[in-house]
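Only one structure is covered here, and it is reproduced in the block below.
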Amino acid sequence: MSVKKQIIKGTIVLTTATLISRVLGFLYRIFLSNLIGAKGMGIFQLIFPVLGFCIALSCGGIQIAVSRFVAESRNKANKFMILISSLIMSLMLSSLTTILLYFYAQPISIHIIKNVQCYELLKYASITIPLATFHSCISGYYLGMKKTFVPAVSSIIEQIVKVASIFIIGLVCVGNHIKITPMVAVYSMIIAESFGVIFCIIALTGEKSYSFKVKELFSSMKKLFSVSYILTINKIMITFLQCFEAILVPIVLTKSGLSSDNALSIYGILTGMALPVISFPSAINTSVSTMILPTIAGANTSGNKLQVRKTTEISIWFSVVMGIFFIGFFLYFGDFIGGTVFGHSQAGEYIKILAWLCPFMYLSITMGSILHGLGRTNTAFVHNVIGTAIRLACLWFVVPQIGIVGYLWGLLGSDLLITLLHGRYIKKDIHFSFDCVDNIIRPVIWVLCSMAAGWLVKYILSFSSFHGKVFRFVSSGVSGLVLVGVFLYFLLRQMKELKNTQ
């Protein structure tokens, strides 16, 4: 199979699986937000910065390093050795991290998160760290070989189990008159990660194993460490800044005049509802980026500059077009998603503001993977630090003056600058072409035509005598299908034109 077909096939499999996972995750968040409320979502979301930092400490750069070395290696025994080395290194680190977090959850909750209600959540969520680490290494191994089935299916299994477990736990709590707390979400996380790991182990048993000597194992670990430690340090520092940023949000909101409960509620609406909605379509970009990283790394190593340039141009074009479309989509559906789906009108307001983030968010994901594939890891790290610094500055200086909207604009400015910096360095290395007509002007026209068609259908349906929530879902669904259909029509025409010009 050619490299192009491998990328397309892998991207389709990963995209399908990621979209299914995101839909299930979306349903999970809707159910969870109704189960524990906005304040409960806020408390639950507070543990993720610390949990993310611990996972970064355990395997922050190992998955990328595994994917890169497996892609570059031509020997199957070496590929297997890289996997075993990564599992040993990351599981040792993750076990130590879990023990520390389990026993020091209380002081971390009181002195770092500044919320004692996070103590139990953080304590038991620590169990997921070695599970997530194991899953990360296995995914890196299969993605490096451009085999996407195991990572794709394992992510779907995790989400199915998460949704099913939270539903069952919720029913048990209601049936037995047990008070429902954010702890139910932690239990569902543990169960879901466990099932994901079990599937990965079953998949590994079907792979051919190779014998090796201890000396070879240490040599492979040394090689893996030589790259992964830089990636891990970068990941730790970025995650630390993001951890500090996330913890700072509810604290700074209280300085803007909100009560502690209201600050937690807004934090829960923003991080538990609005941001996941905006990042939902990035599933496609994440899949593309996951596939192009080992592809660009392999092509760059072999000196195939033409393949690197073509892969870069297509992935950037796709990210820009998709980002522009979702600006229109979220401006069109923001109020409906926030008010009708989640039941919080504030979520709709945040979604419409964050809609302008889409092109830059999706581009930064794609360009970040391109930089990693080119070996410009430190460059990507510096850009991300600058972006995080902008968000922190907006948090500290702007939010106390104008509220949470200041942070939303900080997110936009941050991703815009990161995208420009990424693009500058990629342009310097690859000299790719960027046509403003094909990448910006045409997609904007398509989106405007699509939104006009959607509004026309919505206007016609507004004359119906039917009313109620079900009708709102049906009418929004019909107008949404028209919006997407018109856009896809223009997109397919453009793809055909681009293919004919090559």
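All figures in this text were calculated on a predicted structure; none of them were measured in a lab.
Arg424 places none of its side-chain heavy atoms less than 4.5 Å from the side chain of Leu420. Between Leu24 and Lys162 the shortest side-chain heavy-atom distance does not fall below 4.5 Å. Residues Asp415 and Leu363 are not in side-chain contact: their nearest non-hydrogen atoms beyond the backbone lie 4.5 Å or more apart. A heavy-atom distance below 4.5 Å is not found between the side chains of Val150 and Tyr141.
Remark: the backbone N or O of Gly387 is paired with a side-chain donor or acceptor of Ser414 at under 3.5 angstrom. For the pair Thr133 (side chain) and Ile129 (backbone), a donor-acceptor distance under 3.5 Å is present. The main-chain N or O of Ala132 is never found under 3.5 Å from a side-chain atom of Ser136 such that the two would form a donor-acceptor pair.
Here the closest heavy-atom approach between residue Ile47 and residue Leu121 is recorded as CG2-CB, 3.8 Å.
Annotation: the span from Ile402 atom CD1 to Tyr407 atom OH amounts to 14.0 Å, rounded to 0.5 Å. In this structure, CG in Leu408 is found 5.0 Å from CG in Leu354, a value given to the nearest 0.5 Å. Rounded to the nearest 0.5 angstrom, His383 NE2 and Thr379 OG1 are separated by 5.5 Å. Interatomic distance, CZ of Phe330 versus CD1 of Ile278, reported as 4.5 Å (0.5 Å rounding). Put simply, CE on Met367 and OG on Ser319 are 8.0 Å apart, with the number rounded to the nearest 0.5 Å.
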If you apply the rule side chain to side chain contact (heavy atoms under 4.5 Å, CB included), what do you find for Phe44 with Val186, and how did you get there?
CA-CA 8 Å; Phe44 177 57; Val186 175; 4.2 Å; yes

Stepwise, does the side chain to side chain contact (heavy atoms under 4.5 Å, CB included) test hold for Phe360 with Leu412?
CA-CA 8 Å; Phe360 312 113; Leu412 178 60; 3.9 Å; yes

Would Tyr332 and Ser450 count as a side chain to side chain contact (heavy atoms under 4.5 Å, CB included) here? Give the steps.
CA-CA 10 Å; Tyr332 186 86; Ser450 304; over 6 Å; no

Could you walk me through whether Thr366 and Met322 pass the side chain to side chain contact (heavy atoms under 4.5 Å, CB included) check?
CA-CA 12 Å; Thr366 301; Met322 197 181 78; over 6 Å; no

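Using the six-membered ring where Trp is involved, Phe329 and Phe326 have ring planes that are perpendicular, over 60° apart on the 30 and 60° scheme.
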